[in-house]
Amino acid sequence: MGAIGVFDSGYGGLTILDSIRSRMPQYDYIYLGDNARAPYGTRSFDIVYEFTLQAVKKLFSLGCPLVILGCNTASAKALRTIQQQYLPTNAPDRRVLGVIRPTAEVVGQISNTHHIGVLATEGTIKSNSYTLEIEKLHPGYTVIGQACPMWVPLVENNEFDKPGADYFVKDSIEKLLSQDPLIDTIILGCTHYPLLLGKIKQYLPQGITLIPQGQYIASSLEDYLHRHTEMRLRLSCGGTCKYYTSESPDKFHASASLFLKSDIIAERICMV
Ligand code: DGL
């Protein structure tokens with residue numbers, strides 16, 4: 001029996017953890033933020049894979065039978081290789097799930113114009129993961145991506161609600177919408193972005209629906225556990241949550257407590 005592991009490069013995955021815990025408070029959870037090496041968004045494919053695999057191995061060593069990559073960049077660049085190459089030979093009884101497919105699934109229920117915008121890190125946009133996934137699930141849809149290279153640093157550095165963030169938020173939204181006036185639905189394809197939601201809403205024209213991922217990842221996980229009884233029965237149900245960070249626990253405590261609006265005590269963990 002073990003906890004559900006949730007991984008992110010930094011604080012962003014807390015938005016996913018929060019939604020999952022609200023929906024399924026009965027399970028135990030372990031959160032791991034690789035804050036010392038965040039952001040991942042501009043890193044190469046090989047490095048994101050290497051760092052993500054290290055995190056997955058850590059969470060396995062802490063007893064997690066199931067790990068959620070609460071990070072789009074890691075889901076885009078590392079998930080498939082972990083699922084297809086690492087797990088079958090090294091951990092055939094464990095599972096690793098990502099955040100891109102469950103998010104891509106929901107756009108079909110929301111968009112009327114079938115023109116979808118994606119705001120995400122440079123790595124996620126360059127990987128084309130959202131375009132490929134949406135085209136597979138919803139043939140004929142148009143997907144326009146816009147990288148927002150400054151948004152994660154704004155969150156990681158606690159600047160997400162300061163006046164300096166306005167310029168970068170407005171600029172990226174305008175760049176996205178200028179590419180296609182028919183966009184009626186925007187995916188916030190980075191788990192850090194819900195922390196900028198106040199500012200994003202401020203600069204978004206009316207009539208555009210935003211998709212923050214948390215609630216969809218939570219319902220998709222609930223559905224997965226419903227379908228996979230063998231995994232559900234391996235999850236411990238103590239209602240606890242432990243936090244690990246590769247950076248200073250004090251720094252994590254200060255920022256994470258602010259984001260989640262509750263007191264969070266983290267332990268430092270060495271990633272290798
Ligand atoms: N929260 C991440 C994501 O969803 C990561 C961002 C980063 O480290 O650049 O993409």
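For ligands, and for the atoms within them, numbers begin at 1 and follow the listed sequence.
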For a quick test of your reading: what N or O donor-acceptor pairs under 3.5 Å do the side chains of residues 56-71 make, sequence neighbours left out?
{"residue": "K58", "atom": "NZ", "partner": "C270", "partner atom": "O", "Å": "3.0"}
{"residue": "S61", "atom": "OG", "partner": "K58", "partner atom": "O", "Å": "2.7"}

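Panel note: side chain E156, backbone Y11; a donor-acceptor pair is recorded below 3.5 Å.
Side-chain contact annotation: T124 with N72, donor-acceptor N/O pair under 3.5 Å absent.
Using the six-membered ring where Trp is involved, Y224 and H228 have ring planes that are parallel, under 30° apart on the 30 and 60° scheme.
Near ligand 1, D8, S9, P39, Y40, G41, C71, N72, T73, T121, V152, C190, T191, H192 each place a heavy atom less than 4.0 angstrom from the ligand.
Ion pairing between R234 and E230 fails under the 4.0 Å rule for side-chain N and carboxylate O.
Atom NZ of K162 is surrounded by more than 12 heavy atoms from other residues, nucleotides or ligands within 6.0 Å.
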